[in-house]
Amino acid sequence: MMKRGCILAAFLLCACVLVSCSRTRSDGLHESFIPGEESASSGEIQATEETDPSGGINVEIDSGDGTETSPSEEEESSRDYTVAYPNLSVTTDSTAYCVIDDTEQVYAAKNMLDRKAPASITKVLTALIVYENVSLDKTVTVTEEELSRDIIVMSSGVRPSLRAGEQFTVRDLLFMLILESTNTAGNVLADAVAGSNEAFAELMNKKCASLGLTHSHFANPHGLDADDHYSCAYDMAVILRNAMSVPEIAQMLSAISYTVPATDYAGERVLSAGHSMLNGDFPCSGAISGKPGWTVDARATLLTAFSRNGKNFYICTMNSDEGMHYVDTANLANSVYAQFNGEIYDSIPLTHDVSIVNADAEGVVIRFSVDNANAASRTAWWNTKLGTAAASFAEFGELHGVNEVRFAFPEAGTYAVQLFSKNGSGVEKGIMVYVLYTGSSMTTGVATWQGQNYVIDENGLMKVGEPEMTFGTYCTDANGCILKDTITYGGYFAGPDGKLLTGWQDFTGGKYYFQPDGRMATGRIVIDGEVHTFTDGGILTE
């Protein structure tokens, strides 16, 4: 649901082993999205620039229970699901996607009506509902109940976390909701509009009905997983198009940064866009707004609006591995624009579906898929304790589809593995995964090796950073070791088994409090109706 900073930092550091890249950025926004100029205090609007190619599409409709179905006659008559470019061919890691234009004509789609968990792209609809029902200048007060309602560890992005008693404008809260994906802000906004998450969800579902969207049902304002909270790629693309027709909401979805004024409980909060095509981490020509999301059930989801030469497209990708949704979105945007302009482009290479199929005394066999690669592929790997100076390399010819490669690691340990490929234009993209190599395969869960604990996912890969799993949320060091009985570098508390805990905790001779989203309390904060004060290091003083 939120960006895992340490994972991204590790990737950017290690990616230097294989590639170096330059980044160009340019200001600009098509006037049909946001007329007029916006002040810096309202959030800077900036588009990023770089282009790499793409490919295509087919439509499959699923009822959400695994059986294929079709919309009812009433739904068919109210919505045209005809795909303009049905013969485009682009491989995606995302299991569902949809591309529409300003008229809501579908240009490209795959499983676009399948029921999927939307995660934080839900917040685009939330912003639209809030805008339609309450003044952006209204001041609201945060309550303790709003900070704990449906909130889980690591589910609120803004730092420091919101505190009971703080007052914000609705506009400030919406920027927190969009830029930092702050779920607690969603609860506060829902109460300001409707009095509860349930009542707010009714407004969300009525809005969908008014737009003729029949494959969605929303249960909360933030997108955290719930059985009755779902949408589809088509509906979410339409929601983005409608949100972008409102200048105030379009401004928030396009902003790179925003500063929330200081309150009685905390200083200024500087917010930054989480969408990688806007903040420069993954530049793509014409990307001017959007919202990413992630939960355990949803996996990675992404909404992105594009504007090139006066033609606007709105793209939703759903159910992807983290990071792959940006490659998918870029390939979809580039291929649709290419078709629209009568051009041909190379798609960005896509390396995905990585898993360990075997581990023995001779090494590890890693299976992965490579698509859109027309030139040589290569890999690098190194023992994380030795660093990139000890990296080994291997070059391959063209790799297509599913591949299996054996890595003969010299000794047991934790390893970083990079898998990169190029397309015919020389554009190189890839991913990095981590492996705990003990001489045998790992099963999903917490693995113990040489007195240390490690998190292993369903593909047999080791997780590094702050992995949120179905069996708990943890924090690891750079070697993948689970931190325990300590305050982690993210300001969370890892208990005796390594799981991140909340509430009052006694640690190293002091008393600490970890809020419902897991963040350590500092400064003044209301807890159970009483104001408490903590040092900058989190120790209770009164």
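- Under the 3.5 Å distance criterion, with hydrogens and angles disregarded, no donor-acceptor pair is assigned to the side chains of Thr329 and Thr304.
- At distances below 3.5 Å, not a single donor-acceptor pair connects side-chain atoms of Asn479 with backbone N or O atoms of Cys481.
- Taking OH of Tyr437 as the reference point, atom CE of Met462 lies at 14.5 Å (rounded to 0.5 Å).
- Heavy-atom minimum distance, Ala119 versus Ala298: CB-CB, 3.7 Å.
- The main-chain N or O of Ile152 is found under 3.5 Å from a side-chain atom of Ser155 such that the two form a donor-acceptor pair.
- Checked for salt-bridge contact, Asp102 and Arg241 miss the test: no charged N lies under 4.0 Å from a carboxylate O.
- Under the 4.0 Å criterion applied to side-chain N and carboxylate O atoms, Arg115 and Asp235 are not assigned as salt-bridge partners.
- Scanning for side-chain hydrogen bond (donor to acceptor under 3.5 Å, both in side chains) contacts around Thr470 gives an empty result, with sequence neighbours left out.
- Under the 4.5 Å side-chain criterion, counting only non-hydrogen atoms from C-beta, His215 is not in contact with Met112.
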Might you work through the side chain to side chain contact (heavy atoms under 4.5 Å, CB included) test for Glu104 and Asp80, ending with a clear yes or no? CA-CA 9 Å; Glu104 298 180 8; Asp80 181 7; over 6 Å; no
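- Two residues are said to be in side-chain contact when any heavy atoms from C-beta on lie closer than 4.5 Å; Val433 and Val354 meet this criterion.
- The pair Asp101-Lys311 meets the salt-bridge criterion, since a charged nitrogen lies less than 4.0 angstrom from a carboxylate oxygen.
- By the 4.5 Å heavy-atom criterion applied to side chains, Val435 and Thr414 are not counted as neighbours.
- A ring-centre distance under 6.0 Å is found for Tyr81 and Tyr234.
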Start with the C-alpha distance between Asp457 and Thr444, add both sets of side-chain angles, then the distance that settles side chain to side chain contact (heavy atoms under 4.5 Å, CB included), and finish with yes or no. CA-CA 5 Å; Asp457 70 9; Thr444 302; 5.8 Å; no
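- Nearest approach of Tyr314 to Ala305, heavy atoms of both residues: CD2-CB, 3.9 Å.
- Without hydrogens or angle criteria, Ser289 side chain to Ser254 main chain gives no donor-acceptor distance under 3.5 Å.
- Looking only at atom types and distance, the side chain of Lys291 has no donor-acceptor partner in the side chain of Thr301 under 3.5 Å away.
- Under the 6.0 Å distance and 45° angle rule, Lys499 does not count as a cation-pi partner of Phe471.
- Under the 4.5 Å side-chain criterion, counting only non-hydrogen atoms from C-beta, Leu253 is in contact with Met244.
- There is no side-chain donor-acceptor pair under 3.5 Å between Asn459 and Ser355.
- Remark: the backbone N or O of Ala273 is paired with a side-chain donor or acceptor of Asn279 at under 3.5 angstrom.
- In this structure, the separation between OG on Ser231 and CZ on Phe218 is 4.0 Å, given to the nearest 0.5 Å.
- A cation-pi arrangement is absent between Arg378 and Phe420 under the rule of less than 6.0 angstrom and at most 45 degrees off the ring axis.
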Show the numbers, then the answer: is there a salt bridge (charged side-chain N to carboxylate O under 4.0 Å, His left out) between Arg406 and Asp360? CA-CA 11 Å; Arg406 174 174 285 278; Asp360 53 34; 3.2 Å; yes
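- Of the possible donor and acceptor atoms, one in the side chain of Thr92 sits under 3.5 Å from a partner among the backbone N and O of Ser94.
- Side chains of Tyr326 and Met277 form a contact here, defined as non-hydrogen atoms less than 4.5 Å apart.
- If you take OH on Tyr492 and CG on Leu500, they are separated by 8.0 Å, rounding to the nearest 0.5 Å.
- Side-chain contact of Lys123 with Ser181: a donor-acceptor pair under 3.5 Å is present, judged by distance alone.
- Without hydrogens or angle criteria, Glu180 side chain to Ser272 main chain gives a donor-acceptor distance under 3.5 Å.
- For the pair Val99 and Val106, the minimum side-chain heavy-atom distance is 4.5 Å or more.
- A perpendicular orientation is assigned to the rings of Tyr107 and Phe313, their planes being inclined by more than 60° (bins at 30° and 60°).
- Nearest heavy-atom pair across Phe306 and Cys284 is CE2-SG, 3.8 Å.
- One finds the NZ atom of Lys429 at 13.5 Å from the OG atom of Ser347 (value rounded to the nearest 0.5 Å).
- Side-chain atoms of Thr182 come within 3.5 Å of backbone N or O of Met176 as a donor-acceptor pair.
- Of the N and O atoms on the side chains of Ser120 and His222, not one donor lies less than 3.5 Å from an acceptor on the other residue.
- Side-chain atoms of Thr384 never come within 3.5 Å of backbone atoms of Ala416 as a donor-acceptor pair (strictly under, hydrogens ignored).
- Of the N and O atoms on the side chains of Ser307 and Asn312, at least one donor lies less than 3.5 Å from an acceptor on the other residue.
- Residues Pro292 and Ile121 fail the side-chain proximity criterion, which asks for heavy atoms closer than 4.5 Å.
- Here Gln251 contributes atom CD and Ile249 contributes atom CD1; the two are 9.0 Å apart, rounded to the nearest 0.5 Å.
- A donor-acceptor pair under 3.5 Å is absent between the side-chain atoms of Asn383 and the main chain of Tyr415, judged by distance alone.
- A donor-acceptor pair is defined here as one N or O able to donate and one able to accept, closer than 3.5 Å; such a pair exists between the side chain of Asn403 and the backbone of Gly401.
- Smallest separation of non-hydrogen atoms from Ala300 and Trp294: N-CD1, 3.6 Å.
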Would you mind writing out the side-chain donor-acceptor pairs for residues 362-371 within the sub-3.5 Å range, not counting sequence neighbours?
from: Arg367; atom 1: NE; to: Glu404; atom 2: OE2; distance (Å): 2.9
from: Arg367; atom 1: NH2; to: Glu404; atom 2: OE2; distance (Å): 2.7
from: Asp371; atom 1: OD2; to: His352; atom 2: NE2; distance (Å): 2.8

Would Arg299 and Asp321 satisfy salt bridge (charged side-chain N to carboxylate O under 4.0 Å, His left out), going step by step from the backbone distance to the final call? CA-CA 6 Å; Arg299 300 170 70 219; Asp321 283 338; 2.4 Å; yes
Quick one, Leu303 with Ile315, criterion side chain to side chain contact (heavy atoms under 4.5 Å, CB included). Give me CA distance, side-chain angles, the key distance, then yes/no. CA-CA 6 Å; Leu303 284 176; Ile315 300 178; over 6 Å; no
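- No side-chain heavy atom of Cys232 sits under 4.5 Å from any side-chain heavy atom of Asp114.
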Please tabulate, one pair per line, all N/O donor-acceptor pairs under 3.5 Å involving side-chain atoms of residues 447-456, not counting sequence neighbours.
from: Thr448; atom 1: OG1; to: Asn453; atom 2: OD1; distance (Å): 2.7

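- Separation of atoms OG1 (Thr438) and CZ (Phe409) is listed at 11.5 Å; rounding is to 0.5 Å.
- For the residue pair Asp225/Thr295, the side-chain donor-acceptor check at 3.5 Å is satisfied.
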Verdict with reasoning, Trp382 to Val417, per side chain to side chain contact (heavy atoms under 4.5 Å, CB included): CA-CA 7 Å; Trp382 59 90; Val417 179; over 6 Å; no
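- For the side-chain contact (heavy atoms from CB on, under 4.5 Å) criterion with Val327, the lone passing option out of Ile431, Ile348, Thr351 is Ile348.
- Nearest heavy atoms, Met318 versus Cys316: CG-SG, 3.5 Å.
- Taking the centre of each ring, Phe407 and Trp381 come in below the 6.0 Å mark.
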